[in-house]
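Just so you know, ligand 1 is whichever comes first in the structure, and atom 1 is the first atom listed for that ligand. Just so it is clear, the model here is predicted, and its values are computed rather than measured.
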Amino acid sequence: MSDTERSIFSRIIAREIPATIVAETDTLIAFEDIAPQAPVHLLVVPKTEDYRNVTELASGNPALMAEMVALAQQLATERAGGDFRLVFNTGPSAGQTVFHVHAHVLAGTLGEGTLA
Ligand code: 5GP
């Protein structure tokens, strides 16, 4: 795969682009979103680029999706008392801009009834 075909997240995983990495496992990486929308705003990203969105991930590798949720919980517990919002933007009109599945972990004091 050429550099232009690889996602920005694959380039963060490869340490080609800097990011504030907060956790890493054999299968996942988590780092701070560059444009935070909440007091805690992390991205949890599978190292594989095989799944473009959460629908593909849920049908193709539900165990990996469960790992993402568990890591999100761990990070929210470490940083914000354990409560969190998990967002998977799915499709351009829903705000997805990076087509390498990722979960937004939003935590801290969040507004009631808001989506971010
Ligand atoms: P999406 O819009 O696809 O749901 O989420 C992509 C997220 O990736 C956005 O919240 C955006 O701020 C974040 N993002 C895009 N480029 C970078 C980057 O180079 N570094 C980091 N840390 N986050 C990025």
Side-chain angles (χ1 to χ4, degrees):
M1 205 180 270
S2 74
D3 274 358
T4 50
E5 291 170 321
R6 292 163 67 226
S7 78
I8 188 120
F9 296 157
S10 288
R11 300 190 67 200
I12 288 173
I13 291 162
R15 285 17 184 214
E16 294 167 7
I17 294 175
T20 303
I21 294 168
V22 296
E24 186 167 19
T25 70
D26 288 347
T27 53
L28 301 174
I29 195 162
F31 51 89
E32 292 181 358
D33 196 291
I34 204 168
Q37 305 294 312
V40 175
H41 186 171
L42 305 172
L43 299 174
V44 174
V45 184
K47 288 184 175 175
T48 175
E49 209 174 319
D50 285 352
Y51 309 104
R52 289 168 50 83
N53 58 51
V54 69
T55 307
E56 291 185 7
L57 177 67
S59 60
N61 193 339
L64 184 57
M65 188 169 166
E67 285 181 45
M68 293 175 74
V69 175
L71 183 55
Q73 176 69 81
Q74 177 193 316
L75 294 167
T77 299
E78 290 169 0
R79 285 152 197 274
D83 293 348
F84 65 104
R85 191 172 290 163
L86 199 61
V87 174
F88 291 88
N89 294 327
T90 308
S93 68
Q96 187 176 7
T97 58
V98 179
F99 294 87
H100 174 162
V101 67
H102 54 281
H104 296 258
V105 182
L106 303 160
T109 304
L110 304 176
E112 281 182 34
T114 60
L115 292 174

Side-chain ([X]) to main-chain ([Y]) donor-acceptor, under 3.5 angstrom:
| X | Y | result |
| --- | --- | --- |
| Q73 | G82 | yes |
| T55 | N53 | no |
| E56 | V101 | no |

| said: With a 6.0 Å cut-off on the ring centroids, do H104 and H102 count as close? | reply: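 Yes.
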| request: Counting heavy atoms only, name the option from I21, I34, I8 that's nearest to atom 21 (C) of ligand 1. | output: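 Ranked by closest heavy atom to atom 21 (C) of ligand 1, first place is I34.
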| task | From the options I12, I17, V98, select the one whose nearest heavy atom is closest to atom 18 (C) of ligand 1. | result |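 Considering heavy atoms of I12, I17, V98, the nearest to atom 18 (C) of ligand 1 sits in I12.
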| said: Applying a heavy-atom cut-off of 4.0 Å, say which part of F88 lies close to ligand 1: side chain, backbone, both or neither. | reply: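 Answer for F88: neither.
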| said: Below a 4.0 angstrom heavy-atom separation, can you tell me which part of F99, side chain or backbone, both or neither, approaches ligand 1? | reply: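 The answer is neither.
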| What's the verdict on side chain to side chain donor-acceptor pair (under 3.5 Å) for T25 and E67, showing C-alpha distance, side-chain angles and the deciding distance? | CA-CA 10 Å; T25 70; E67 285 181 45; 4.7 Å; no
| G60 and P62: which non-hydrogen atoms are nearest, and at how many Å? |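 In this case the closest contact between G60 and P62 is C-CD, 3.9 Å.
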May I ask you to list the atoms of ligand 1 that are less than 4.0 angstrom from any heavy atom of [X]?
| X | answer |
| --- | --- |
| G95 | 1 (P), 2 (O), 4 (O) |
| F9 | 8 (O) |
| A35 | 12 (O) |

| query | For A19 and ligand 1, does the shortest N/O to N/O distance drop below 3.5 Å? | reply |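 No: no nitrogen or oxygen of A19 is under 3.5 Å from one in ligand 1.
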I need the nearest protein heavy-atom contact for [atom]: residue, atom name and distance, please.
| atom | result |
| --- | --- |
| atom 5 (O) of ligand 1 | H102 NE2, 2.9 Å |
| atom 9 (C) of ligand 1 | D33 OD2, 3.4 Å |
| atom 3 (O) of ligand 1 | T97 N, 2.7 Å |
| atom 22 (N) of ligand 1 | E32 O, 2.9 Å |

| task | Before giving the answer on side chain to side chain contact (heavy atoms under 4.5 Å, CB included), spell out for V40 and L106 the whole-Å C-alpha distance, their side-chain angles and the decisive distance to 0.1 Å. | result | CA-CA 6 Å; V40 175; L106 303 160; over 6 Å; no
| field | Candidate list T20, L43, L42, I13, test side-chain contact (heavy atoms from CB on, under 4.5 Å), partner F31, passing option | value |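 Exactly one pass, corresponding to L43.
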| message | Would a single hydrophobic cluster contain both V98 and I29, if residues Ile, Leu, Val, Met, Phe, Trp and Tyr are joined by side-chain heavy-atom contacts under 4.5 Å? | response |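 Per the 4.5 Å side-chain linkage, I29 and V98 are co-clustered.
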| task | For H104 and ligand 1, answer yes if some heavy atom of the residue is under 4.0 Å from a ligand atom, otherwise no. | result |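 Distance cut 4.0 Å: H104 passes for ligand 1.
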